[in-house]
Structures are given as structure tokens and as C-alpha cells.
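Hydrogens, waters and symmetry mates play no part in the numbers below; they use all other heavy atoms, side chains included. Counting convention: from 1, in listed order, for ligands and their atoms alike.
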Amino acid sequence: MSDGSFLDGLDYPETDSSPTHTIREGDARDLPVADDSVDLIFTSPPYWQKRDYGHVDQIGQEKTPDAYVSKLMEAFEEWERVLRDTGTILLNIGDTYKNKSRVGVPWKLAEAARQRGWCVRSEIIWKKPNGMPTSSTDRFINRHEYIFHFTPREDYYFDKFGYKTVYDDPVDVWEVPHDRNDNHLAPYPEELVQRGLVAACPPAVCKSCGRPRQRIVDKSLKQLNEDRPQARRAMEIFEESELEDDHLRAIQATGISDAGKGREVQNGTGSNTEEVLKLADEAKDVLGGYFREFTFPEKTTVGWTECDCDKPDTIPGMVLDPFAGSGTTIEVAISMGLSAVGVDIDPPDDLRRFTDSNAII
Ligand SMILES: C[S@@+](CC[C@H](N)C(=O)[O-])C[C@H]1O[C@@H](n2cnc3c(N)ncnc32)[C@H](O)[C@@H]1O
């Protein structure tokens with residue numbers, strides 16, 4: 001299990017109550033979960049005509065891909081009920097070959113959801129550097145699956161800055177190897193879930209209105225990119241000098257060139273343009289060419305939004321996996337301090353270990 005070190009630097013706010021973790025027996029199309037209580041559904045349904053779970057109400061063994069997709073659409077309708085207004089779905093799905101052809105199940109699913117009013121916000125390619133060998137000699141080896149980000153409304157929670165802090169480029173191709181010790185039921189590696197939860201599950205939501213706290217990001221004055229030797233030297237010169245923060249603000253207001261915006265506008269120092277230019281000139285005299293380093297400081301988290309409620313207590317964000325299987329989603333949510341509910345039509349007994357009461361209800 002992850003040691004949680006990927007959380008370093010995320011600057012998550014503390015919440016007023018502790019996370020809750022439950023596992024429930026139930027159908028993904030008729031969830032034992034309250035309305036408007038979930039911030040993120042992270043899941044992987046049984047793929048079409050792959051593993052037979054042997055349950056009369058299971059999804060996955062339908063005769064046609066269209067019948068399979070329409071069952072998943074029933075589930076989507078139910079999922080919309082349990083999602084908060086700002087909640088979203090990240091759904092991992094792979095395809096099936098029939099008569100040598102890809103059936104296109106992921107594409108059918110995305111189109112069906114789109115036609116029902118869901119926004120297909122992203123189609124993430126999960127690129128697998130390791131995978132099962134194939135005996136086919138007349139096609140490329142399949143090394144990817146999809147993760148669709150479905151959003152029901154325009155205003156939803158998404159922490160691109162947090163994601164970038166941990167994983168660098170927030171792009172829609174995720175190269176994530178399968179964990180070596182995956183048990184046979186685990187559909188995906190922990191890192192895949194971590195990426196999704198960092199991006200799309202708020203660490204804190206208002207207990208009264210359910211609005212997620214949003215990260216507030218701003219340019220810092222002095223936090224430079226320490227990977228750059230020039231930036232480190234610039235900081236040293238600044239620390240050793242008699243320059244003050246107002247000098248740095250003046251540099252940031254004027255930018256690399258003395259022409260342009262900085263000459264024309266007031267800046268945050270409250271001084272007039274002439275004063276800003278004077279401060280910038282003084283700073284440039286001391287810093288020499290290193291002054292440029294202060295014109296592109298790193299952005300940092302300066303706080304999290306509040307809401308207007310009378311009782312602004314917060315609870316941890318809630319993750320739901322309606323096809324909980326071996327519980328990877330729940331396990332990762334717990335490691336991140338989030339609340340989680342796992343539902344499965346036939347929950348494996350060892351899922352109890354993830355619950356607060358050691359019971360499956
Ligand atoms: C994690 S998912 C599928 C993982 C992976 N994508 C695959 O195809 O093997 C498997 C779980 O879904 C559960 N399941 C199947 N049909 C279900 C349904 N209608 N509602 C809830 N859970 C269901 C099964 O019991 C199983 O534990």
C-alpha cells in the first residue's frame with residue numbers, strides 16, 4: 001500500500017470530522033447510498049463478456065454490447081442521484097475482441113452517456129508499460145485502457161494544480177504499470193486511483209451545503225523553482241542584500257521588460273508607476289541579470305475557499321466505488337484521508353477490513 005507520500009505538498013485542509021468508511025452489499029443500479037452525498041465515483045465495471053461473477057444480477061455477461069451499455073446507463077442514472085451537484089465520475093473501461101474486431105465498448109459507452117446529457121470531459125488513456133503477452137501475430141499488442149471523466153454539470157470540482165504538484169503534466173495519457181502483487185480481482189493499480197482522487201475528489205466539503213472547498217492558488221513573491229541553479233543564486237543575492245519585498249513586487253509588476261504593462265499601470269505596492277520603476281531599477285542594480293528569476297515565481301496554495309453557510313463545518317470528500325471488487329478505490333481513499341463507500345453485488349469478505357465497523361451492511 002502507498003505510504004501516502006504523494007500527499008506531500010498537496011496542502012490539504014483539515015476537516016472538522018473524521019472520514020467514514022463503509023462497504024455495502026447492493027446493485028450498482030440501485031445503490032444503498034443517500035442522495036447528494038458523493039463527490040467522486042471512481043470505478044471499473046466488469047468488462048463486457050470477460051469474467052463471469054456468477055451472480056444473477058451481475059453486469060457484464062449480456063448477449064450484446066448494446067445491452068451491456070444500456071445496463072450501465074441505468075447505473076449512470078442512479079449515480080447521478082447520489083452525486084453532489086459538483087460531483088463527477090471517473091470510469092475505467094477496456095474493450096473486448098469479437099471475430100478479430102474490437103467491439104468498441106468504451107466508445108459506445110461514452111456516446112450513450114453523451115446522448116443522455118453527460119459531458120465526456122476527458123478520455124484518459126491508461127498506458128500500461130507492462131501487460132499480458134498476446135499470441136496474435138497480426139495485430140499490435142494492446143497496452144491501453146480508457147478512463148472517462150464524465151461530468152453532469154458545468155460547475156464541478158477539479159484540482160488541476162494539486163494534480164500537477166504530484167504528477168507534473170496534467171495530460172490525458174497516464175503511464176501507470178500494473179502493481180506486481182495485484183490480486184486477480186484488482187482492476188487497476190493504486191496509482192491510477194490516486195491520480196483520479198487527487199484530481200477530482202475534494203479533501204473537504206461543507207457539512208451543511210455540500211459545496212467543496214476549492215484550492216486558492218496565487219503567485220508567491222519569493223518561492224522560485226529550486227531546480228534552477230540561477231533561481232537559487234537569485235534567492236541568495238536577495239537574502240544577502242538590503243532589498244525588500246516591495247522591490248520584488250516592483251520587479252514582478254514591471255516584468256522582464258521595462259516597457260509594457262509595468263510602465264502603464266499601478267501595481268500592488270500602492271505606489272505610483274514612477275515609484276515602482278525606481279524600486280525595480282534599484283533591485284536590478286543589486287541583482288544584475290538574476291532579477292529575471294523573480295519575474296516567474298512558482299505558484300503556491302494560499303488557502304481554500306470558505307462557503308457562506310451559517311455552520312461552516314467541513315467533512316472529508318466522499319468517494320464511491322459501485323463495483324468495489326477487491327477494494328482498491330476504498331483503500332486509496334482511506335490512505336488520502338477521504339471518506340469512502342464501496343458497493344458490490346457480492347462483496348468479498350475481506351473488504352470488511354476497510355470498514356469502520358468491520359461489517360458489510
Ligand atoms: C471491480 S469490478 C470489475 C473489474 C474489472 N474491470 C474486470 O472486468 O474484471 C468486479 C466487481 O463487480 C461486481 N459486480 C458485478 N455486477 C454488479 C452489479 N450489478 N452491481 C454491483 N456490483 C457488481 C462483482 O461482484 C465484482 O466484485
*Check Asp39, Asp155, Asp36 against Arg84 for a salt bridge (charged side-chain N to carboxylate O under 4.0 Å, His left out) and give me the one that passes.*
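With Arg84 as partner, salt bridge (charged side-chain N to carboxylate O under 4.0 Å, His left out) holds for just one option, Asp39.
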Which bit of [X] gets closer than 4.0 Å to ligand 1, counting heavy atoms only: side chain, backbone, both or neither?
X	value
Gln58	both
Asp57	backbone
Pro45	backbone
Phe323	both
Pro348	neither

*Using distance alone, with no hydrogens and no angle criterion, decide if Glu145 and Tyr47 have a side-chain donor and acceptor under 3.5 Å apart.*
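Judged by distance alone, the side chains do pair up.
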_For a quick check under 3.5 Å, do Ser136 and Tyr97 share a side-chain donor-acceptor pair by atom type?_
no
_Atom NZ of residue position Lys50 - does it have more than 12 heavy atoms of other residues, nucleotides or ligands inside 6.0 Å?_
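For Lys50, atom NZ is crowded (more than 12 foreign heavy atoms under 6.0 Å).
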*asked:* Under 4.0 Å, counting heavy atoms only: does Val343 come that close to any atom of ligand 1?
replied: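 Contact absent.
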_Lys NZ or Arg CZ of Arg195 over Tyr167 ring: under 6.0 Å, within 45°_ =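 Geometry flag: set, cation within 6.0 Å and 45°.
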*Check whether NZ of the Lys or CZ of the Arg Lys98 lies under 6.0 Å from the centre of the six-membered ring of Trp48 and within 45 degrees of that ring's axis.*
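Yes.
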*Pick whichever of Asp30, Ile93, Leu72, Asp344 has a heavy atom sitting closest to atom 11 (C) of ligand 1.*
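It is Asp344 whose heavy atom sits nearest to atom 11 (C) of ligand 1.
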*Does Tyr53, backbone or side chain, put an N or O under 3.5 Å from an N or O of ligand 1?*
yes
*Say whether Ile345, considering both its backbone and side-chain N or O atoms, lies within less than 3.5 Å of an N or O atom on ligand 1.*
yes
*Which ligand 1 atoms are under 4.0 Å away from a heavy-atom of Pro322?*
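Under 4.0 Å from Pro322, ligand 1 has these atoms: 21 (C), 22 (N).
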_Sub-4.0 Å atoms of ligand 1 with respect to non-hydrogen atoms of Gly26_ = 20 (N), 21 (C)
_Among Asp66, Asp57, Ile59, which residue satisfies the side-chain contact (heavy atoms from CB on, under 4.5 Å) criterion with Lys71?_
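Only one option passes, and that is Ile59.
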*Parallel, tilted or perpendicular: ring planes of Tyr146 versus His144, cut at 30 and 60 degrees*: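 Judged by the thresholds at 30° and 60°, the geometry between Tyr146 and His144 is perpendicular.
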